[in-house]
Novice: 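Mind looking over this structure? Questions follow.
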Amino acid sequence: MQIASFKRIITPEIPCLVAGYSFSDVASKIRDDLYMNGLCCDDGERKVLIISFDLLALDEWFVKRVRKNCADILGVEPSAVLFTCTHNHSGPQTIAEANQEDKENGPYVEILEAAIYEEVRGLDGKFTPCDLYFYSANVDENRNRRYTAGDNMASFTPHRREMLPIADGFADKEFGALIFTAPGKHDPIYAIGNYAAHPLAGHGPGLGCYTISADYPGAFRDYVTEESGAECMFITGAAGDMIPHQDELGADGMKQVGVSLGKAMLGAMVDATRNPGRFKLTDPKVGSRICTFTAPLRGRYYKNPKKLASYYVNQEAFSEEIQLVSIGDVAFVGVPGEPCAELGQEIKWHSPFRKTFIAFCATSYIDYIVPANFIVSGGYESKIHRFSARNTIDFVKCAVDGLFDLRDAVYPAGEGEEPYPDGLDLPLVNILPNR
């Protein structure tokens, strides 16, 4: 395995429209810079590239065009280039949503596109060998923002903070990590962290609504790099209904969440490298695949052109890509828009890879994707779910089928072997240092 990376500031000039809340919020202050962080992995036969942006989201037309052009530069298939957005609510408006055509930010998107190509071209000649480790730990820095009572009627806790002590909805607290070290050494040279929580810690009232910031993902990266020397990327997990414990409490809350996750990464670096039999990936091949999920539109709501940006008005059905990229026995599932944590967990549970992490707002932006029963119970997320409720399980199955197909291709079974990892012969109580 060899890797090459880049890190580039993508902070907009102010004043500019701020994404994520009102369509008229204008930034008047920059708290900290926004970045795009890119990592290219080369196993000697194939390459994959992941770029994470400190942005709310990117439109489908942009993703498809720029992804293909980057693939051409690298000499790979478009499926091998994965874009993902942290879903930052303190960055520039970059998508056409709710009939906001975003003409004001056309120049910013053009500058962003040119910057991406420049950085991808610059990867050539930067590759360095590495060892690869994975890690996973539970970190209590998020919560579910939906509270559903005994009558199965949902309430939106950000509008009723006093309900937080009784809000007990499912929360995906897995902090996932990929750690790249110098060959034969424990020194980290790059790290990817994955966690499910909206970047809403720093988006406080008043001035906080008009401030450009990378929010807690930026604080996370800064902490990891300052303490370890490793460059770092953050990828948001299935955060559709996940918010940080410090949501909307300003700069201090943003730092608390970022540092807490940063400490989790440092702990991962220590534990993983000291236990290579458990966490080192010994055959780190890479692979990629794109699957297409199609379903009927949710008729009563989303066949009304007034409810859609003009970009979506002419669609007769919901059709979006799910993108899969694997690095060793770890897979990233690039999802369109904002699936809720329950759906992300379903994908993780059914995956044949050793570990699977969700990459938020990856292939397009199409609002929320919710479990079918959320449509029954109501709530904020379900109001802007776009396709038929009965097809949500098909969304999960599309991703899982793609993961099985990808693992078949990257790690084909030998004659007479089980096609996927099979723990039948493992001890009932597994406390051994090696698998």
Side-chain angles (χ1 to χ4, degrees), residues 7-37 51-59 83-98 100 102 104-105 107-109 111-112 115 141-142 145 158-159 193 195-223 232-237 239-262 337-338 360-362 365 367-368 380:
K7 176 182 179 181
R8 181 162 178 151
I9 293 175
I10 56 171
T11 308
E13 294 184 1
I14 57 172
C16 70
L17 290 177
V18 181
Y21 276 76
S22 168
F23 296 112
S24 59
D25 287 349
V26 176
S28 59
K29 177 183 177 182
I30 296 175
R31 175 182 289 146
D32 54 274
D33 280 320
L34 311 185
Y35 286 88
M36 63 175 180
N37 293 271
I51 306 178
S52 176
F53 301 89
D54 286 333
L55 300 172
L56 186 81
L58 294 167
D59 275 325
F83 295 162
T84 179
C85 295
T86 62
H87 198 54
N88 180 25
H89 287 57
S90 297
Q93 179 73 301
T94 52
I95 56 175
E97 60 172 331
Q100 302 297 312
D102 196 20
E104 296 88 344
N105 282 281
Y108 177 84
V109 173
I111 292 171
L112 179 67
E141 280 296 339
N142 64 0
R145 67 186 184 185
H159 288 192
Y195 195 70
H198 266 69
L200 288 174
H203 198 283
L207 185 60
C209 298
Y210 313 112
T211 300
I212 296 295
S213 170
D215 210 274
Y216 78 82
F220 163 79
R221 295 190 306 257
D222 289 346
Y223 185 83
C232 187
M233 176 187 295
F234 183 83
I235 296 178
T236 301
D241 50 1
M242 296 288 101
I243 54 175
H245 284 314
Q246 301 289 328
D247 66 304
E248 299 182 302
L249 295 182
D252 186 62
M254 176 184 84
K255 185 176 180 180
Q256 284 187 50
V257 177
V259 170
S260 178
L261 294 177
E338 304 183 58
F360 213 47
C361 291
Y365 186 72
D367 295 316
Y368 291 91
Y380 176 71

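For clarity, every value in this text was computed on a predicted model and none was experimentally measured.
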Novice: Looking at every non-hydrogen atom in both residues, tell me the closest pair between L34 and G91 and how far apart they are.
Specialist: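 That would be CD1-CA, 3.9 Å.
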
Novice: Would C16 and Q93 satisfy side-chain contact (heavy atoms from CB on, under 4.5 Å), going step by step from the backbone distance to the final call?
Specialist: CA-CA 8 Å; C16 70; Q93 179 73 301; over 6 Å; no

Novice: Quick one: OH on Y380 to OH on Y368, what's the gap to the nearest 0.5 Å?
Specialist: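 With rounding to 0.5 Å, OH (Y380) is 4.5 Å from OH (Y368).
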
Novice: Ignoring hydrogens, what is the shortest heavy-atom contact between I212 and P92? Give both atom names and the distance.
Specialist: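 Smallest heavy-atom distance, with atoms named: CD1-N, 4.4 Å.
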
Novice: Are any of the side-chain heavy atoms of K29 and L207 separated by less than 4.5 Å?
Specialist: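 Yes; the side chains approach each other to less than 4.5 Å.
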
Novice: Could you walk me through whether L261 and Y216 pass side-chain contact (heavy atoms from CB on, under 4.5 Å), step by step?
Specialist: CA-CA 9 Å; L261 294 177; Y216 78 82; 3.6 Å; yes

Novice: Taking only residues two or more places apart in sequence, or in another chain, which ones meet H203 in a ring pair (Phe, Tyr, Trp, His ring centres under 6.0 Å)?
Specialist: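 Y21.
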
Novice: Do NZ/NE/NH1/NH2 and the carboxylate oxygens of D54 and R221 come within less than 4.0 Å?
Specialist: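 Salt bridge flag = yes for R221 with D54.
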
Novice: If I compare all heavy atoms of P158 with all of I243, which pair ends up nearest, and what's the gap?
Specialist: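 Here P158 and I243 meet closest at CG-CD1, 4.4 Å.
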
Novice: Run the ring-centre check on Y195 versus F234 and record whether the distance is less than 6.0 Å.
Specialist: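 Between Y195 and F234, the centre distance exceeds or equals 6.0 Å.
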
Novice: With rounding to the nearest 0.5 angstrom, report the CG to CG distance, L58 to L112.
Specialist: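 Between atom CG of L58 and atom CG of L112 there are 6.5 Å.
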
Novice: Is the closest side-chain heavy-atom distance between C85 and F360 below 4.5 Å?
Specialist: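 They are not in contact (no side-chain heavy atoms under 4.5 Å apart), so the answer is no.
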
Novice: Rounded to the nearest 0.5 Å, how far does CE of M36 lie from CD1 of I9?
Specialist: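 Spacing of CD1 (I9) from CE (M36) equals 11.0 Å.
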
Novice: Could you check whether N37 and S52, counting side-chain N and O atoms only, form a donor-acceptor pair closer than 3.5 Å?
Specialist: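 N37 and S52 do not have a side-chain donor-acceptor pair below 3.5 Å.
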
Novice: Can you find a heavy atom in the side chain of V109 that is under 4.5 Å from one in the side chain of D59?
Specialist: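 V109 does not reach D59 side chain to side chain.
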
Novice: Mind listing the closest non-hydrogen atom pair of A57 and I95 along with its distance?
Specialist: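 In terms of heavy atoms, the two residues are closest at O-CG2, 3.3 Å.
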
Novice: Are any non-hydrogen side-chain atoms of L56 and N88 less than 4.5 angstrom apart?
Specialist: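 Contact flag for L56/N88 side chains = no.
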
Novice: Counting only N and O atoms by type, is there a donor-acceptor contact under 3.5 Å from the side chain of N142 to the main-chain atoms of A196?
Specialist: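 Yes, because the side chain of N142 sits within donor-acceptor range (under 3.5 Å) of the backbone of A196.
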
Novice: How long is the straight-line distance from CD1 of I30 back to OG1 of T211, given to the nearest 0.5 Å?
Specialist: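 T211 OG1 to I30 CD1: 10.0 Å, rounded to 0.5 Å.
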
Novice: Does Y223 have more than 12 heavy atoms from other residues, nucleotides or ligands lying within 6.0 Å of its OH?
Specialist: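 Result for OH/Y223: enclosed.
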
Novice: Regarding S213 and D32, is there a side-chain donor-to-acceptor distance under 3.5 Å anywhere?
Specialist: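 Checked: S213/D32 side chains pair up, N/O donor to acceptor below 3.5 Å.
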
Novice: So do the side chains of M254 and R31 get within less than 4.5 Å of each other, counting heavy atoms only?
Specialist: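 Yes, close enough: below the 4.5 Å cut-off.
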
Novice: When rounded to the nearest 0.5 angstrom, what distance separates NE2 in H245 from OG in S260?
Specialist: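 So the gap between those two atoms works out to 9.0 Å.
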
Novice: So how far is it from D33 CG to D222 CG, rounded to the nearest 0.5 Å?
Specialist: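 Taking CG in D33 and CG in D222, the distance rounds to 9.5 Å.
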
Novice: With distance as the sole criterion, is a donor-acceptor pair present between the side chains of E13 and Y108 under 3.5 Å?
Specialist: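 No.
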
Novice: Is the shortest side-chain heavy-atom distance between S24 and V26 below 4.5 Å?
Specialist: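 Result no, sub-4.5 Å side-chain heavy-atom pair not found.
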
Novice: Would you say that D25 contacts Y210 through its side chain, given a criterion of any heavy-atom pair below 4.5 Å between the two side chains?
Specialist: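 They are in contact (side-chain heavy atoms under 4.5 Å apart), so the answer is yes.
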
Novice: Relative to each other, are the rings of H87 and H198 parallel, tilted or perpendicular (30° and 60° limits)?
Specialist: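 The arrangement is perpendicular - the two ring planes meet at more than 60°.
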
